[in-house]
Amino acid sequence: MEALLKLDQDIVIWLNQGIGQVALLDYLGYLLVSDYFIPLLISFWMLGVWFWGKDVPTRERNQRAVLRGAISLGFANLAILVLNQYFFRERPLAHYELANLLYQPTDSSFPANPAALTFAAAMGLWLGNRRAGLVVFALAGLWSLVRVANGLFYPSDVLAGGLIGVAVSGLVALALRLIE
């Protein structure tokens with residue numbers, strides 16, 4: 001366990017070294033790490049997928065995928081809310097001298113809520129439309145990486161959040177099949 005914590009610390013510190021070196025990269029980093037940019041990109045992407053398709057069966061399949069992603073996102077948020085009642089881990093910013101492009105959150109970093117939400121949405125979408133889901137997986141991975149680099153999360157927080165999101169999405173997909 002101690003080796004994992006040391007690896008978490010080393011990765012965060014290594015990634016954080018680049019912040020403050022190049023103003024243009026810092027601006028891009030701020031844009032990517034913010035609470036709004038990537039979630040809005042994912043939302044607009046999912047909205048586009050809702051209407052995407054040359055024929056009715058394709059559009060219906062895409063709409064089911066978007067609906068599955070949205071429901072998964074909601075249940076992943078609920079799962080993290082419950083888990084945060086039992087687990088609390090301070091963020092790397094609280095322990096190390098790190099550069100920060102964003103505000104300093106005070107809630108638990110474990111498991112990472114943004115990773116759980118975005119990976120749940122990505123998996124839900126991927127189960128119905130592989131290409132559309134890959135775009136959201138890429139955005140989820142990018143958002144998670146820049147949040148680790150900014151010192152908001154440890155890599156294990158993001159990994160746990162992502163796994164929770166994917167698992168919740170799988171359960172939602174199973175439940176929706178049973179309901180149908």
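For clarity, every value in this text was computed on a predicted model and none was experimentally measured. In what follows, every heavy atom counts, from backbone to side chain, and hydrogens, waters and symmetry copies are set aside.
For R59, the side chain to side chain contact (heavy atoms under 4.5 Å, CB included) criterion is met by V56, not counting sequence neighbours. Qualifying salt bridge (charged side-chain N to carboxylate O under 4.0 Å, His left out) partners for E97, counting only residues two or more places apart in sequence or in other chains: none. With sequence neighbours left out, the side chain to side chain contact (heavy atoms under 4.5 Å, CB included) criterion links F51 to L47. A search for ring pair (Phe, Tyr, Trp, His ring centres under 6.0 Å) contacts involving F119 returns F137, not counting sequence neighbours. Looking at residues two or more places apart in sequence or on another chain, you find a salt bridge (charged side-chain N to carboxylate O under 4.0 Å, His left out) between E60 and R64. When the salt bridge (charged side-chain N to carboxylate O under 4.0 Å, His left out) test is applied to D107, the partners found at least two apart in sequence or on another chain are R91.
With contacts defined as side-chain heavy-atom distances shorter than 4.5 Å, the pair V158/R147 does not qualify. Looking at T118 and V136, their side chains never come closer than 4.5 Å, going by heavy atoms from C-beta outward. Side-chain atoms of M123 and L127, non-hydrogen and from C-beta on, do get closer than 4.5 Å to each other.
Residue pairs that meet the side chain to side chain donor-acceptor pair (under 3.5 Å) test with at least one member in residues 122-133, sequence neighbours left out, are N62-N129. Contacts classified as side chain to side chain donor-acceptor pair (under 3.5 Å) and involving residues 80-89 (residues at least two apart or in different chains) are given here: D8-R89, R89-S156, R89-D157. Each side chain to side chain donor-acceptor pair (under 3.5 Å) pair with one or both residues in residues 44-54, not counting sequence neighbours, would appear here, but there are none.
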Stepwise, does the side chain to side chain contact (heavy atoms under 4.5 Å, CB included) test hold for S109 with Y154? CA-CA 8 Å; S109 72; Y154 291 101; 4.2 Å; yes
For a quick test of your reading: what N or O donor-acceptor pairs under 3.5 Å do the side chains of residues 14-25 make, sequence neighbours left out?
{"residue": "N16", "atom": "OD1", "partner": "A99", "partner atom": "N", "Å": "2.9"}
{"residue": "N16", "atom": "ND2", "partner": "A99", "partner atom": "O", "Å": "2.9"}
{"residue": "N16", "atom": "ND2", "partner": "A149", "partner atom": "O", "Å": "2.9"}

What side-chain donor-acceptor pairs closer than 3.5 Å can you find for residues 162-175, not counting sequence neighbours?
{"residue": "S169", "atom": "OG", "partner": "S72", "partner atom": "OG", "Å": "3.2"}
{"residue": "S169", "atom": "OG", "partner": "A120", "partner atom": "O", "Å": "3.4"}
{"residue": "S169", "atom": "OG", "partner": "G124", "partner atom": "N", "Å": "2.9"}

Pairs under 3.5 angstrom only: tabulate donor-acceptor contacts from the side chains of residues 110-117 to other protein residues two or more places apart or in another chain.
{"residue": "N113", "atom": "ND2", "partner": "N77", "partner atom": "OD1", "Å": "3.4"}

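Y96 OH: more than 12 foreign heavy atoms inside a 6.0 Å radius.
In this structure, CD1 in I42 is found 5.0 Å from CG in L139, a value given to the nearest 0.5 Å.
Contact record, T58 with G53: CG2-CA, 3.8 Å, taken as the closest heavy-atom pair. Nearest heavy-atom pair across A132 and L125 is O-CD2, 3.6 Å.
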